[in-house]
Amino acid sequence: MPALRFLGTTSDSGDCPTLYEVEGTGQVLVQGDRVTNPEQLAELRHVKEHETFVTVPRDLLVRFAPRAEPREVTPFSEIAHVFQEFRHTAWRLETRRGYATDRNSAKWERWKAGADITNEPLDAWRENVAAAIAEGRRFERVRLVDEPPTEGQRFLLASGLGNVAAGEDIRNLPRAEAARLNLPDYDFWLFDSKLLARFVFAEDDTTLGVILSEDPAEVAAACQARDAAWHHAIPTREFAQRVPSAM
């Protein structure tokens with residue numbers, strides 16, 4: 001069964017109305033108040049027995065309805081150049097409870113064995129971050145964290161301190177707070193507030209690729225999520241002190 005992807009809501013309380021995309025189908029699921037007015041129902045045309053009807057604010061559709069056809073999944077390797085070429089900001093939202101790339105790494109094994117991975121030598125990623133920071137560009141990300149943190153999240157808290165030392169601004173946000181803010185439930189990179197790269201994962205947390213978009217509605221929604229998450233998130237050094245086992 002196709003999964004639903006949260007697109008956005010105009011409700012502050014998180015109940016309704018809301019738009020979702022039915023992944024891979026080009027269809028949009030609309031959540032709103034059911035229409036029960038007999039006069040309105042009588043005016044509807046070509047009604048099938050299995051159909052139902054809801055009302056939503058026009059603003060919901062203007063702000064969050066997709067304006068482009070579904071796109072193919074792009075291998076992550078094909079966007080590697082963007083991490084060197086973006087002009088001012090590369091911003092990431094991380095929502096998952098673990099990542100296969102972490103669990104399959106040598107650093108994971110060292111961490112599991114009790115090694116201190118907070119101050120390891122620069123790798124290719126951190127070298128690129130340091131070079132970008134030296135040029136006045138920014139790498140930023142917000143990571144959602146459960147209560148208590150999962151094993152994968154504790155690993156990222158420890159490993160992330162090295163990224164912070166290289167110049168990346170990483171912050172953490174409790175998942176309950178993210179739900180209150182109606183943040184997306186998927187990972188993405190946002191480059192220069194105009195190119196969105198949304199991750200696609202397998203059930204075992206393996207990265208299958210990304211879906212690229214410059215759709216104004218999707219980019220605007222990502223910018224809104226970024227602003228809300230960034231405002232409430234806690235810097236990694238401070239957050240890690242609350243989770244001693246991550247160190």
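Quick note: residue numbers are just sequence positions, from 1. Remember, it's a predicted structure, so these values are computed and weren't measured experimentally.
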When you measure from the side chain of [X] to the backbone N and O of [Y], does any donor-acceptor pair fall under 3.5 Å?
X: Asn128; Y: Ala124; result: no
X: Ser213; Y: Asp215; result: yes
X: Glu51; Y: Lys48; result: yes
X: Thr118; Y: Leu161; result: no
X: Arg126; Y: Gly167; result: no
X: Asp204; Y: Thr206; result: yes
X: Asp187; Y: Thr95; result: yes
X: Glu120; Y: Ile117; result: no
X: Arg97; Y: Gln153; result: no

Is there a side-chain contact between [X] and [Y], using heavy atoms and a 4.5 Å cut-off?
X: Val28; Y: Val22; value: no
X: Leu208; Y: Val200; value: yes
X: Asn182; Y: Phe6; value: yes
X: Val164; Y: Glu168; value: no
X: Trp111; Y: Arg154; value: yes
X: Phe199; Y: Glu94; value: no
X: Phe191; Y: Glu85; value: no
X: Val73; Y: Val210; value: no

Does this structure show an ion pair linking [X] with [Y], if we count only N-O contacts that are shorter than 4.0 Å?
X: Asp169; Y: Arg138; value: no
X: Glu135; Y: Arg87; value: no
X: Arg110; Y: Asp116; value: no

Compare every heavy atom of [Y] with every heavy atom of [X], then report the nearest pair and how far apart it is.
X: Trp189; Y: Glu140; answer: CZ3-O, 4.1 Å
X: Ser193; Y: Cys223; answer: CB-SG, 3.9 Å
X: Ala197; Y: Leu212; answer: CB-CD2, 3.7 Å
X: Asp102; Y: Leu156; answer: OD2-CD2, 3.4 Å
X: Tyr99; Y: Asp205; answer: CA-CB, 3.9 Å
X: Thr10; Y: Pro17; answer: OG1-CG, 3.4 Å

Going by atom types alone, do Thr89 and Asp192 pair a side-chain donor with an acceptor below 3.5 Å? no
Is it the case that Thr55 and Arg34 place a side-chain donor and acceptor less than 3.5 Å from each other? no
Are [X] and [Y] connected, step by step, through hydrophobic side chains (Ile, Leu, Val, Met, Phe, Trp, Tyr) whose heavy atoms are closer than 4.5 Å?
X: Leu93; Y: Ile234; answer: no
X: Ile211; Y: Tyr186; answer: no
X: Val219; Y: Val142; answer: yes
X: Val82; Y: Leu196; answer: no
X: Leu4; Y: Leu61; answer: no

Apply side chain to side chain contact (heavy atoms under 4.5 Å, CB included) to Arg175 and Val145, showing your working. CA-CA 5 Å; Arg175 189 175 299 277; Val145 183; over 6 Å; no
Under 6.0 Å from the six-membered ring centre of [Y] and within 45° of its axis: does the NZ or CZ of [X] meet both?
X: Arg137; Y: Phe86; value: yes
X: Arg171; Y: Phe239; value: no
X: Arg198; Y: Phe188; value: no
X: Arg96; Y: Phe201; value: yes

Evaluate Lys112 against Glu151 for side chain to side chain contact (heavy atoms under 4.5 Å, CB included), listing each step before the verdict. CA-CA 10 Å; Lys112 290 283 288 183; Glu151 184 178 46; 2.4 Å; yes
Applying salt bridge (Lys or Arg N to Asp or Glu O under 4.0 Å), can you list everything that pairs with Glu177, at least two apart in sequence or on another chain? Arg180
Do Phe139 and Trp91 make the cut of ring centroids closer than 6.0 angstrom? no
Report the C-alpha distance between Leu7 and Arg5 in whole Å, list the side-chain angles of each, state the deciding distance to 0.1 Å, and finish with yes or no for side chain to side chain contact (heavy atoms under 4.5 Å, CB included). CA-CA 6 Å; Leu7 295 177; Arg5 179 170 70 90; 3.5 Å; yes
